[in-house]
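Read the numbers this way: they start at 1 and go in the same order the structure lists the ligands and their atoms.
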Amino acid sequence: MARMPIIAGNWKMNKTPGESVAFVRELTPKIADYGEVERIVAPTMLALSAVAAALRESPVQVAAQDAHWQVDGAYTSQVSAAMLTPFVDYVIIGHSECRAFLGETDENVNRKAKAILAEDLHPIIAVGESLAQYEADETLHVVRSQVIAALEGLSAGDMDRVVIAYEPIWAIGSGKSASGEVAEDIIRSAVRDTIAMLHGDDAAESVRIQYGGSVKPSNMEEFMSQPNIDGALVGGASLDVDDFAALVEIAARVKGS
Ligand code: PGA
């Protein structure tokens, strides 16, 4: 089964609502024709409503950068998946910056995945090892356990709505990316094979898996040429309209049918 390539721009804590809207107005015409690629922007929570309104007639979709697992309640500062449904199609969870700075745990990533699926949204679940774990040869073990924990209690049928982003922490924002071959190897053996073990080959074949970590136009082709890499979760390069458009064009050229 052909998996649709998926490029998501994670803007992190960048761009005000006004800047976010101006950006998508400039970006959309440049990437409108690439219907064979799913194109997603993930602005700050504060900009979701305005960006969703600006993209209402557009093929570009919107993601949130996190969501709480409860529908509502006494959770100061949090936004629930239910509250996000008018604005987004995707929610990024488990990002290493949330794991490192906000105490995100595997258990909560799993709760969030279930809440997101219950709202008919799609989770983009980020996993990845630290530099120390990479150097200690623990990558496969770490990534496998993050995948198993994140998917605990989900069904095989949920898998075609789940996206996994493999992001080695040492490659995020560092300018150092994993090589295409190394990323392919880890994605196949620690992510896709793990899902096959949990939910069978068909479910594993349907899951889209992104690579993330210093993806830019100059290395995009190397990642997109790998059979198990279905797209990219992009930070820095997604803040630039021309770079973002170039990434989509490369994905369409390399993976498009
Ligand atoms: P980067 O970020 O592309 O700036 O390395 C990727 C991410 O954190 O998702």
Identify every side-chain donor-acceptor pair in residues 148-157 under 3.5 Å, counting partners at least two apart or on other chains, and give the distances.
| residue | atom | partner | partner atom | Å |
| --- | --- | --- | --- | --- |
| Ser155 | OG | Gly157 | N | 3.3 |
| Ser155 | OG | Asp158 | N | 3.2 |
| Ser155 | OG | Asp158 | OD2 | 3.3 |

Query raised in the report: Strictly by modelled atom types, are Gln226 and Tyr211 linked by a side-chain donor-acceptor pair under 3.5 Å?
Result: no
Requested in this report: State, without any angle test, whether His95 and Glu104 hold a side-chain donor-acceptor pair at a distance under 3.5 Å.
Outcome: no
Query raised in the report: Can you list every pair that meets salt bridge (Lys or Arg N to Asp or Glu O under 4.0 Å) and has a residue in residues 60-83, with sequence neighbours left out?
Result: Asp66-Lys112
Query raised in the report: Residues two or more places apart in sequence or in another chain: which of them pass salt bridge (Lys or Arg N to Asp or Glu O under 4.0 Å) with Lys30?
Result: Asp242
Query raised in the report: Are Pro123 and Leu117 side-chain neighbours, meaning at least one heavy-atom pair lies under 4.5 Å?
Result: yes
Requested in this report: Using heavy atoms and a cut-off under 4.0 Å, could you grab the residues that are in contact with ligand 1, chain by chain, numbers ascending?
Outcome: Asn10, Lys12, His95, Glu167, Ala171, Ile172, Gly173, Gly213, Ser214, Leu233, Val234, Gly235, Gly236
